[in-house]
2 protein chains.
Amino acid sequence: MNEAVVLTSERILEVTEDVLRRYGLAKATVVDVARALDVSHGSVYRHFPSKASLREAVAKRWLERVSKPLAEIAAEPGPAPAKLERWLRELFDAKHKRVCEDPEMFATYLTLAREACTVVKAHKQDLIAQVEGIIAEGVAQGAFDVADPKTAAAAIFDATRSFHHPAHADEWAECTCSTRVDAVLTLLLRGLAAR
Amino acid sequence: MNEAVVLTSERILEVTEDVLRRYGLAKATVVDVARALDVSHGSVYRHFPSKASLREAVAKRWLERVSKPLAEIAAEPGPAPAKLERWLRELFDAKHKRVCEDPEMFATYLTLAREACTVVKAHKQDLIAQVEGIIAEGVAQGAFDVADPKTAAAAIFDATRSFHHPAHADEWAECTCSTRVDAVLTLLLRGLAAR
DNA sequence: GCGCTGACAGATTTCAATATCTGTCAGCGA
DNA sequence: TCGCTGACAGATATTGAAATCTGTCAGCGC
């Protein structure tokens, strides 16, 4: 029957995200977060050892929201080439949608990600591993001809940077963008294909 | 016989580059440039209408030093696939060398380039046009099979961003870098090849 | 006992006064 | 005449004092 809201890490993260949205990355302080939670800032430090670790946790949540739907696609059955294309397009769409629906929040997460480079590296490794899985599957199906799926997965990731790395986000709104995506995907799938 | 040094735009650009190297981008002022030239800053404004246009001209010079050797490769005779690979490797080497030999100056030029986005766009168009030429040549030789050389050139440019776009410069020192370059080039050349 | 508070020291940010710079132009000197 | 100078107004950057924030911890109250 006790409805007193307990202070959990999860709740702090949610409220932190709100505060970031409201105040912007530069102005959002731990004191602001504590105020929004109606506790003292000391309590926040009970759950996160530093402001940096709090921000890192926010970044991690955000990246997980990107990688989870992708993992589902990677786990589906079916021919690898089509699946790889679907996976990549889903990745691009996820990023493009985020930047066009809420550019300020995207900028916030981008800066956050720069600070939390460990988390970002792990995210990248996760994504490349997913691609590697799809490519290995394609090789097993006889659809792809590559010497080493790991290297090939890294190459696919590198070769599609223009469409998923935030440094190029300003080009994602250009009208030629979808044509360019098509061209690169065609080239890469041809490059992987067994002949 | 008059050896009085005349104030030319070219001389101003050279000295400006020196000043940028010495003071750094943030601290280099038009007054500093004028002082280094031993003239009043009003004289500099006689040759460049604004500080921005002076910086733009410096950026342009720098980009031309990148594109000129590439244009020479593009103009050479020979089979297109090998030439395309050589051209791309020369592009990567040029960038990688610059960042590793003088990281501070690279950062300076990077910021300069951000400001002078018109100049950068023209540079990009120039490079893509060079690639388009090589690809068209490859199609004529029967080595490449692509529907549209223009689109394919843009795709090659997009797909190699990781190795020539300055946003990714911090990865160019990694030991895996040359492996990754090889992997992407292999994939792309396979993707272009007639079969 | 246990979780929270709030005061505190040192680090960081803000803000306004001050200094410097950009871009213009009337006038000097060759 | 013609290129250059240097004073000037408005814009931008620097500086240092004051305010705020981060991270800690002794102690309060449940």
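Since the structure is predicted, the reported quantities are computational estimates derived from the model, not experimental observations. Quick note on labels: first sequence line is chain A, next is B, and so on, each numbered from 1.
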>> So A:Thr29, base contact, sugar-phosphate only, or nothing? Heavy-atom distance under 4.0 Å.
In response: sugar-phosphate
> When the distance from CD of B:Glu115 to P of D:dT12 is rounded to whole Å, what number comes out?
Replying inline: 13 Å
>> Distance check needed: D:dA11 C1' versus B:Tyr45 OH, whole Å only.
In response: 11 Å
>> Salt bridge check, B:Arg190 against A:Asp145: does any charged N sit closer than 4.0 Å to a carboxylate O?
In response: yes
> Contact class for B:Val31 (heavy atom, under 4.0 Å): base, sugar-phosphate, or nothing?
Replying inline: base
>> Assuming nearest nucleotide by heavy-atom distance, tell me which of A:Ser40 and A:Ala26 is located more 5' along DNA chain C.
In response: A:Ser40
> What is the distance from NZ of B:Lys51 to C1' of D:dG10, rounded to the nearest Å?
Replying inline: 16 Å
>> Could you tell me the boundaries of the chain B footprint on DNA chain C, defined by atoms under 4.0 Å from its heavy atoms?
In response: C:dC21 to C:dT24
>> Test your reading of the model: is there a side-chain donor-acceptor pair from A:Ser43 to the backbone of A:Val39, 3.5 Å cut-off?
In response: no
> Can we say B:Lys51 and B:Glu56 salt-bridge, meaning some charged N sits less than 4.0 Å from an Asp/Glu carboxylate O?
Replying inline: no
> Using the ring of each side chain (for Trp, its six-membered ring), is B:Trp62 parallel, tilted or perpendicular to B:Phe106, with breaks at 30° and 60°?
Replying inline: perpendicular
> To the nearest Å, how far apart are A:Lys27 NZ and D:dA19 C1'?
Replying inline: 13 Å
> Do NZ/NE/NH1/NH2 and the carboxylate oxygens of A:Arg35 and A:Asp38 come within less than 4.0 Å?
Replying inline: no
> Could you walk me through whether A:Thr179 and A:Asp182 pass the side-chain hydrogen bond (donor to acceptor under 3.5 Å, both in side chains) check?
Replying inline: CA-CA 5 Å; A:Thr179 312; A:Asp182 292 347; 5.7 Å; no
